[in-house]
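To keep things clear, I will list the structure first and then write my remarks on it.
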Amino acid sequence: MNIRFKPLKPTKNLVVFFDAKKHLLLPEDWPKEWTQAWKNYLKLPEIKGESSGVHRLFGELSERVYLVGLGKAPVMRELGAQLGKQLQQTEFSDLALALPSDRKHPISNGFEAFLEGFFLARYRYQEYKTKDQPKDQLKTLTLLAPKSKELESAGQKAWILAEATNEARDLCNRPGNLMTPTHLKAACQAMAKSVGLSFSALTETQMAKEGMGCLLGVSKGSEEPAFLNILQYKGGGAKAPTLMLVGKGLTFDAGGISLKPAANMHEMKFDMCGGAAVYGAMKIIAQLGPKVNVVALIPSSENLPSGSATKPGDILTACNGTTVEVQNTDAEGRLILADALAYGLKRFKPDAVVDIATLTGACVVALGHYHSGLQSSSESLAKQIEKASQQTGDPVWRMPHADIYDKDLDGTVSDLKNIGSKGAGMITAGLFLKRFVGKTPWAHIDIAGTAWGGDRIPFYPAQGASGTAVRLLAELAVHFKR
Ligand code: BES
Ligand code: MN
Ligand code: ZN
């Protein structure tokens, strides 16, 4: 994002803030003649200072003026999102924001969150709308304020966070025929190159050599080759902690031989949202440059029925030697994650691991569409995730760790079976993954209910991919402690 400072010149699209007392927050030397109309407007009794909100004025100086009332306790990301939603259909390349000269004013602190909410809420998915292509893209932010390094970096950071989230949303929204494992691999590779991450991907031949029978067993029914994508960020030295992120990159989940019902099956193109969250987080981490090491694994496959597909009752062997009876081919996410987890832990020896996936319908039943389900074997890691969740506004709710259900996964003809037996479907899915983790501090985030359709969160789009947990995972990595 191109950010420039320009003292006191009216522009086409101008944002001006006012406080709970209905005082305009402007640079000291702002010309009085421009503000009279705004002051008159604020005098109207229906404009309540105490509550925050966005008001559009038709000014003489600017084409569009937005008076943003901070209210008594503004939630800046949500306020930014309100403006973003209002300007969603409006095309422009340049937006100006007037800010008070007093850098200690709370608006300076909240400026980053405000812009983040604005950029996130303006997102729309239009790649395949041939008649509705946007002509203009926002390229320049003009800050009508005295030059300030802090404001400039706040603006840049907001853009980094939102742009990566919006890019992850694009990957998720793309349909299964245009976002196959091969496409996802190409996207990871291109992103890694653009921000200086190292990238590699295991092919099916390499996965077979590693003995990844679970991942390959899911991919068996599909004509599209599977991949295990690996992205690495090395921001700390050998002594810095290493965090491992693992995201489910199932580009389309028909259920396999245990075929899903037809209704809403098209939504299963979103079954790679966990992988996309990891993708977006890595893009942010690479640009923010924290002193930690992060390794990301995105196992990617389709889950389709065919003559070559894995059948219920088949036994697969994971790369750590564990045998799994597939009682339901639709419980495929845990299979591809199991091999990725076991392989990643052995190869990278991280201090902690977080996996993220659209894993269970049971999570949606338990928590609905606002909170993602969190499960963890480590108090410290769970706390770090909850803190990151509060910081970024991607809500999570911790579910009981409940080892009591673990024995439900014991197999009769194999070590494990891939489904539990009596309820607690989100928890048993998590516990299945934990069997492949060993003693490393581990957390699991189930985003089955939050990865798309985010109409309860102002900075998520009402339809399509929400981009949930992209910023959460990045925030977690930036502050990660072992
Ligand atoms: N990708 C689905 C989970 C899912 C369901 C995500 C609904 C979003 C909305 C997963 O692969 C799946 O099919 N899980 C099964 C597991 C079951 C067979 C134990 C489920 O939840 O029904
Ligand atoms: Mn499934
Ligand atoms: Zn799935």
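One-based numbering, in listed order, for ligands and for the atoms of each.
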Metal check, the Zn ion (ligand 3) vs D330 N/O/S, cut-off below 2.8 Å: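 Coordinating: no.
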Considering heavy atoms of the protein only, find what lies nearest to [atom] and give residue, atom and distance to 0.1 Å.
| atom | value |
| --- | --- |
| atom 20 (C) of ligand 1 | G361 N, 3.8 Å |
| atom 12 (C) of ligand 1 | D330 O, 3.2 Å |
| atom 6 (C) of ligand 1 | A448 CB, 3.6 Å |
| atom 2 (C) of ligand 1 | D253 OD2, 3.6 Å |
| atom 16 (C) of ligand 1 | R334 NH2, 3.8 Å |
| atom 14 (N) of ligand 1 | L359 O, 3.4 Å |

The Zn ion (ligand 3) to D271: nearest N/O/S atom name: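 Answer by atom name: OD2.
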The Zn ion (ligand 3) - closest N/O/S atom in E332: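 Of all N, O or S atoms belonging to E332, OE2 is the one nearest the Zn ion (ligand 3).
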Neighbour count above 12 (heavy atom, 6.0 Å) for Y405 OH: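 Counting other residues, nucleotides and ligands, OH of Y405 stays at 12 neighbours or fewer.
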Other residues, nucleotides, ligands: >12 heavy atoms within 6.0 Å of E91 CD: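 Result for CD/E91: enclosed.
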Quick one: which ligand 1 atoms are inside 4.0 Å of a heavy atom on [X]?
| X | result |
| --- | --- |
| N328 | 18 (C) |
| I419 | 19 (C) |
| M268 | 1 (N), 4 (C), 5 (C), 6 (C), 7 (C), 8 (C), 9 (C) |
| K248 | 1 (N), 10 (C), 11 (O) |
| E332 | 11 (O) |
| T358 | 1 (N), 2 (C), 3 (C), 6 (C) |

R398 vs E386, salt bridge (Lys or Arg N to Asp or Glu O under 4.0 Å): CA-CA, chis, key distance, verdict: CA-CA 8 Å; R398 193 163 175 195; E386 283 172 336; 5.4 Å; no
Atom of E332 nearest the Mn ion (ligand 2) (restricted to N/O/S, atom name only):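 That would be atom OE1.
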Minimum-distance N/O/S atom that D253 presents toward the Mn ion (ligand 2):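 Relative to the Mn ion (ligand 2), the closest nitrogen, oxygen or sulfur of D253 carries the name OD2.
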Is it the case that [X] and [Y] place a side-chain donor and acceptor less than 3.5 Å from each other?
| X | Y | result |
| --- | --- | --- |
| Y279 | E167 | yes |
| R471 | Q391 | no |
| T450 | S372 | yes |

T360-ligand 1 polar pair, N/O distance under 3.5 Å: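 No, there is no polar N/O contact under 3.5 Å.
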N or O contact, G333 vs ligand 1, cut-off under 3.5 Å: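 In fact, backbone or side chain, G333 has no N or O that close.
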Spacing of Q287 atom CD and L161 atom CG [to the nearest 0.5 Å]: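 Answer for the CD-CG pair, Q287 versus L161, is 9.0 Å.
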Contact with ligand 1 for F432, non-hydrogen, under 4.0 angstrom: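 No; F432 lies far enough from ligand 1 that no heavy-atom distance drops under 4.0 Å.
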D410 vs K407, salt bridge (Lys or Arg N to Asp or Glu O under 4.0 Å): CA-CA, chis, key distance, verdict: CA-CA 5 Å; D410 285 339; K407 60 179 182 315; over 6 Å; no
Check against salt bridge (Lys or Arg N to Asp or Glu O under 4.0 Å), R77 and E116: CA-CA 6 Å; R77 197 181 285 109; E116 196 183 306; 3.0 Å; yes
Heavy-atom donor-acceptor pair, D351 side chain to P241 backbone, under 3.5 Å: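 Pair absent, no side-chain N/O of D351 close to backbone of P241.
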Quiz item: cation-pi between R456 and Y370, 6.0 Å / 45°: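 No, R456 and Y370 do not form such a contact.
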Working for salt bridge (Lys or Arg N to Asp or Glu O under 4.0 Å), residues D355 and K248: CA-CA 8 Å; D355 75 73; K248 175 179 175 183; over 6 Å; no
Metal site angle (apex the Zn ion (ligand 3)), NZ from K248 and OD2 from D253, 10 degrees: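 With the Zn ion (ligand 3) as the vertex, the angle is close to 180°.
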Ring centres under 6.0 angstrom apart (Y123, F119):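 Not close enough - the centres of the two rings lie 6.0 Å or further apart.
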